[in-house]
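None of the values given here were measured: they were computed from a predicted structure. Here is the naming used below: chain letters follow the sequence lines, and residue numbers restart at 1 for every chain.
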Amino acid sequence: MILAVDNLCKRYGDLVAVDRVSFSVRRQEIFGILGPNGAGKTSTLEMIETLRPIDSGTVTLDGLDVGRHPRQVQQRIGVQLQTTSFFEKLNLRELLLLLGELYGRSVDPVQLLSEVDLQDRAKAQVEQLSGGQQHRFSVAAALVNDPLLVFLDEPTTGLDPQARRHLWGVIRRIRSEGKTVVLTTHYMEEAEELCDRVAIMDRGRIVADAPPPKLIGDLLASGFKKERVERLANLEDVFLHLTGHALQEE
Amino acid sequence: MRLRWKLTVASLKMFTRQKEAIIWTMLLPLFMVFLFGFVSFEGLGKIRIGVAGGEDEPAGQLAGQLGEVRTVQVTRGSESSELEQLTAGKRHLVLVLPEQFHAASGKELRVLVNDGTPEETQLGLLILRKVLDDETFRMHTAPGRVPMTLQSVASRRSSYIDFLLPGVLSLAIMQSGIFGVAFGFVALRKRGVLRRLSVTPMRPQDFIAAQVAMRLMVLLTQIVVLVGVGIVFFDLQFLGSLLDLFAMGLLGGAVFLAIGFFLAGIARTEDQVVPLANVVSLPMMLLSGVFFSRSNLPEPVRLVTEFFPLTYLADGMRSIVLEGSTLPALWLQLAGLALWSIVSVWAAVKVFRWE
């Protein structure tokens with residue numbers, strides 16, 4: 001177990017944003033927190049990432065209490081925030097080198113960039129990248145300290161289907177290198193395709209936590225029937241069929 | 001230490017790649033110096049005397065004699081048109097000559113004077129009186145005049161640019177401190193860059209230290225560039241030591257950087273920064289003796305401006321440049337700036353917000 005969250009709570013005034021949330025993540029897992037906007041996904045993530053004070057409950061990351069040892073935790077995690085923002089006027093290579101310095105590391109920018117398929121944009125600035133490239137760069141930025149655990153907050157929001165699939169590939173590759181990934185999403189098919197396990201979150205609480213096939217199986221076993229039987233393809237499949245699965249170079 | 005150095009280098013890179021930053025910190029002060037450096041505020045303008053009436057020869061003679069005086073500009077015209085020019089403020093004196101007027105004619109000379117320009121009028125009258133008296137002397141035998149000999153002595157010429165340049169330099173230090181830091185820091189905060197940094201083990205003080213170091217390097221460059229341009233293009237009389245100028249500049253820079261961080265602490269958005277920074281900097285820009293000497297200010301105002309940080313900085317810089325003062329002689333300015341830096345750093349720490 002690399003991450004254990006126990007009875008985590010966060011209030012903003014009268015609003016209980018995170019309500020006694022507990023879950024745990026195993027090593028080398030892609031763990032998804034699935035929920036609508038405002039469900040408390042980001043607040044939960046930010047408490048784990050040391051960005052937000054924990055009201056009550058505990059988070060244990062690689063054996064460390066996050067509330068007590070934020071510095072050591074920061075050394076072990078890589079974070080992609082929901083809104084990507086980096087220094088202006090530095091190119092990708094310079095940004096990665098600088099971010100590495102913040103961890104006291106000399107990084108290899110080319111290797112990091114090729115990890116997210118941006119090796120030929122090393123001299124570009126973030127503003128010059130397309131949306132999908134910016135998202136991939138911020139994933140690379142989350143890898144500068146060779147973290148055990150990578151947090152991605154809505155990594156594919158706002159991307160077109162090809163760019164989203166591209167990023168899925170990058171995330172799977174990160175996992176195959178031995179890292180653990182925790183991500184939030186409000187795309188159902190993303191959770192289903194990408195995550196080994198998902199926690200479904202609604203109004204601050206976790207209402208289910210299991211591998212997607214099991215969640216679906218349990219629902220069907222309970223006698224659930226869709227009112228309209230799903231067609232064998234949907235519009236996204238049509239779109240991808242027509243425009244190609246490969247990335248339209250951005 | 002290594003981290004701070006790397007952060008400083010990165011901030012310098014970001015700074016130098018930003019066109020606006022270069023324009024604000026280097027080109028704008030240079031532009032001010034060029035603009036004001038070529039405009040002469042010194043020296044008396046010409047004294048404009050209108051000669052009206054008398055189309056005859058003696059009148060022409062008098063006009064000619066007046067015109068020979070170097071600071072006098074003579075125009076001739078009808079009484080009504082010259083009077084019109086006088087009321088419009090374009091003449092200092094208008095002489096209305098009777099027919100066949102000359103110094104010995106015994107006729108009365110009417111002089112209309114401009115009330116709005118007492119100094120020029122007074123001087124014009126003295127010149128007129130002298131020209132007329134010379135004429136009278138020439139016609140009568142009179143006691144001998146006091147003999148005078150003239151000898152020219154090369155003296156130190158203190159031009160407006162010598163006064164202006166240290167002032168503009170101080171102004172540039174203030175502006176890049178206050179605006180640069182306040183605006184830059186709020187932008188980083190609002191864009192979420194600082195938030196991104198706070199998930200790394202970097203401590204905020206490392207970042208602040210690098211920002212301050214970068215700004216102070218820019219400040220030293222400003223000093224070198226402006227003084228250099230002054231010496232090369234404007235024949236600036238630089239009598240002091242560059243090191244003293246650096247020391248004074250760095251202390252002033254510390255004050256204004258802290259004020260910048262203070263404003264960044266109280267402003268929520270970039271839009272709030274500009275008015276806040278203007279409220280702080282405009283009074284100093286206008287009243288701290290950057291462009292004009294504070295001795296022209298009304299006494300109570302002058303007394304208040306005595307304590308402005310920009311006044312200390314501009315006075316100190318000017319004294320180093322113009323008089324070659326060394327730091328011990330400028331203890332008052334140094335103490336004033338030191339006190340301001342303590343107060344402003346304290347205030348900045350008090351309101352500082354990373355997020």
Go through A:V144, A:T50, A:L51, A:V73 and name the one with the most non-hydrogen pairs under 4.5 angstrom from chain B.
A:L51
Which bit of A:Q72 is near chain B, if near means a heavy-atom gap under 4.5 Å: side chain, backbone, both or neither?
neither
Under 4.5 Å from any heavy atom of chain A - which part of B:F207:
side chain
Does any part of the side chain of B:L7, heavy atoms only, come nearer than 4.5 Å to the side chain of A:L102, both counted from C-beta?
yes
Beyond-backbone contact of B:V193 with A:F87, side-chain heavy atoms, under 4.5 angstrom:
yes
Which portion of A:E94 sits near chain B, non-hydrogen atoms under 4.5 angstrom
side chain
B:W346 atom CH2, neighbour heavy-atom count above 12 within 6.0 Å:
no
What part of A:R52 gets closer than 4.5 Å to chain B, counting heavy atoms only: side chain, backbone, both or neither?
side chain
How about A:R105: does its CZ atom have over 12 heavy atoms from other parts shown lying under 6.0 Å from it?
yes
With heavy-atom distances below 4.5 Å as the criterion, would you say the side chains of B:R17 and A:L90 are in contact?
yes
Are B:R203 and A:R71 close enough that some pair of their side-chain heavy atoms sits under 4.5 Å apart?
yes
Should we count CH2 of A:W168 as having more than 12 external heavy atoms under 6.0 Å?
yes
Does B:R191 reach the main-chain N or O of A:S85 with its side chain, forming a donor-acceptor pair under 3.5 Å?
no
Reported NZ-to-OG distance for the pair A:K89 and B:S11, which is rounded to 0.5 angstrom:
15.0 Å
Using a 4.5 angstrom heavy-atom cutoff, name the option from B:K13, B:R2, B:R195, B:M202 with the most pairs to chain A.
B:R195
From CD (A:Q75) to OG1 (B:T200), nearest 0.5 Å
9.0 Å
Quick check for you: to the nearest 0.5 Å, what is the distance between A:E101 atom CD and B:D206 atom CG?
11.5 Å
